[in-house]
Amino acid sequence: MPLTVQVIQVDPIHPDPECIRPAARALQQGKLVAFPTETVYGLGADALNRSAVARIFEAKGRPSYDPLIVHLAGAAWLERAAAVVPPLALRLAESFWPGPLTLILAKRPEIPDLVTSGLDTVAVRVPDHPVALALLEAADVLVAAPSANRFGRTSPTRASHVLADLEGRIDVLVDGGETRIGIESTVLDLSGTRPTILRPGGVTREQLMEVLGDVAVRAVHSAGGPQSSPGTLRKHYSPRAVLYYFTEPEREKALAGMRQLIEEAVQSGKRVGLLILEEDRPVFDDLPVVTASLGSARNLWQAARRLYAGMRSLDEQQVDVIFVRDLGTDGPGLALRDRLQRAASKLIP
Ligand code: TXA
Ligand code: MG
């Protein structure tokens, strides 16, 4: 593993091909290259190079049973990864690519088992970021890329987050500034009889419904449901601090409950952090808490963009506990709920 990472600064909107070239060459040589997408930073390697892909798992500390997304420069590359391209996939590609939608399709035999964790399907997407697209085109290789964080941690939305997690473990970091969407792509399984969302993300269920008419959602955890008792969650996307997630949908009730537990935490000497909407902040103005803003309730996309950076900034300020409440299911709300459920140490009904 390299001791130092080569950091390349690029203009996120008009990336200079001269700057992209060394990163593209590194991919061709089987090296690990972190790069920005519109969702989060990815940790890329040549998907057809087994040892390069093995290094992704090693660098992240990721278990090999968790398959990777293969990034394409355009829908024209679909045949390089998928054995069959159903008309539905083309329709979705036309509507949402480049963009935060990952499709699960039957895989071509050339795609290594390591990429797909032995499944006969492959996850593919075309990222909507000029830097990612320029890199894919210049390298002309399929790029397997999970989010560029250590396994279990929050996904990186800035180059500094990538360095904090992976410095000394990767070869190149292409710094294209802050990512626009801030949460990961929607993973949609097209390999079965009914299109099914496996992970809600940057393309909403409503948007998919417009094209598909029908789409199922695989429930990971339902808020407040029976699986939501502490200790039964699949922890992921987590800050270091203990995260208390208030699932109560009614704002006043949730805020009252939060206030009570926050007062108790403060009294017991805990350093308290809040991930909070601007509209909710005044409720806690008189308490000694550290806050990270999720923006206004009127635009949950802002909350999506700020979620992971907010968790990281509260961790940096060494809070012991983080409090956050459910933000509903409109637009990116479903994806936010999914991430909060996984990040939470404790679900508060
Ligand atoms: O926005 C994103 O999707 C980012 C950027 C870098 O593209 N990538 C990302 O990758 O979030 P990762 O590895 O953190 O998450 C990939 C998800 C995992 O939940 C994985 O289980 C699922 O995609 N996945 C990959 N291949 C699959 C397959 N063949 N079948 C079902 N799920 C799959
Ligand atoms: Mg990830």
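Whatever order the structure lists them in is the order used to number ligands and atoms, beginning at 1. One-based numbering along the sequence shown.
For N149, every N, O or S atom stays at 2.8 Å or more from the Mg ion (ligand 2).
Shown in contact with L198 at under 4.0 Å from a heavy atom are these atoms of ligand 1, numbered in order with element: 31 (C), 32 (N). Residue contact check: T39 has heavy atoms under 4.0 Å from atoms 1 (O), 2 (C), 4 (C), 5 (C) of ligand 1. Interface atoms of ligand 1 facing P146, defined by a heavy-atom separation under 4.0 Å, are 10 (O), 12 (P), 13 (O). In summary, the atoms of ligand 1 found under 4.0 Å from a heavy atom of H71, numbered by their order in the structure, are 5 (C), 6 (C), 7 (O). If you number the atoms of ligand 1 from 1 as listed, the ones under 4.0 Å from a heavy atom of G42 come out as 6 (C). When each atom of ligand 1 is checked for a heavy atom of L119 under 4.0 Å away, the hits are 28 (C), 29 (N), 30 (N). In the vicinity of A123, heavy-atom distances shorter than 4.0 Å reach the ligand 1 atoms 25 (C), 26 (N), 27 (C).
Closest non-hydrogen pair, R281 versus I276, comes out as N-CG1, 4.0 Å. Between V174 and A23, the shortest heavy-atom contact is CG2-CB, 3.7 Å.
Residues passing the salt bridge (Lys or Arg N to Asp or Glu O under 4.0 Å) test with R305: none are found, sequence neighbours excluded.
For atom 19 (O) of ligand 1, the closest non-hydrogen atom of the protein is R199 NH1, 4.2 Å. For atom 24 (N) of ligand 1, the nearest protein heavy atom (residue, atom name, distance) is P67 CG, 3.7 Å. The single protein non-hydrogen atom nearest to atom 21 (O) of ligand 1 is D66 OD1, 3.0 Å, given as residue, atom name and distance. The nearest heavy-atom contact from the protein to atom 14 (O) of ligand 1 is S147 OG, 3.1 Å. Given atom 28 (C) of ligand 1, the protein heavy atom at minimum distance is I104 CD1, 3.6 Å. Protein heavy atom closest to atom 29 (N) of ligand 1, with residue, atom name and distance, is T121 OG1, 3.1 Å. For atom 3 (O) of ligand 1, the nearest non-hydrogen atom of the protein is S185 OG, 2.5 Å.
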Q) Hey, mind stepping through R259 and D286 against salt bridge (Lys or Arg N to Asp or Glu O under 4.0 Å) and telling me if it holds? A) CA-CA 11 Å; R259 205 184 145 98; D286 58 322; 3.0 Å; yes
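Looking only at distances, a side-chain donor or acceptor of R125 sits under 3.5 Å from a matching main-chain atom of G99. Between the side chain of D315 and the backbone N or O of A241 there is at least one donor-acceptor pair closer than 3.5 Å. Remark: side-chain polar atoms of E210 are not paired, donor with acceptor, to backbone N or O of Q207 under 3.5 angstrom.
At a threshold of 4.0 Å, the pair R339-E184 counts as salt-bridged, since one of the basic side-chain nitrogens sits closer than that to a carboxylate oxygen. In this structure, R337 pairs ionically with D326, as a charged nitrogen and a carboxylate oxygen lie closer than 4.0 Å. Electrostatic pairing of D16 and R21 does not count as a salt bridge here, judged by no charged N lying under 4.0 Å from a carboxylate O.
The aromatic rings of F323 and Y244 sit parallel, their planes meeting at an angle under 30°, below the 60° perpendicular limit.
For the residue pair R199 / S185, a side-chain donor-acceptor distance below 3.5 Å is found, with atom types taken as modelled.
Distances from atom 4 (C) of ligand 1 to the heavy atoms of T37, D120, V40 put V40 nearest. Of the listed options I69, V126, V124, I69 places a heavy atom closest to atom 16 (C) of ligand 1.
By the 4.0 Å heavy-atom criterion, R62 is counted among the residues contacting ligand 1. Assignment of T116 to the shell around ligand 1 is not supported, since no heavy atom sits closer than 4.0 Å. Ligand 1 has R125 within reach: a non-hydrogen atom of the residue lies less than 4.0 Å from it.
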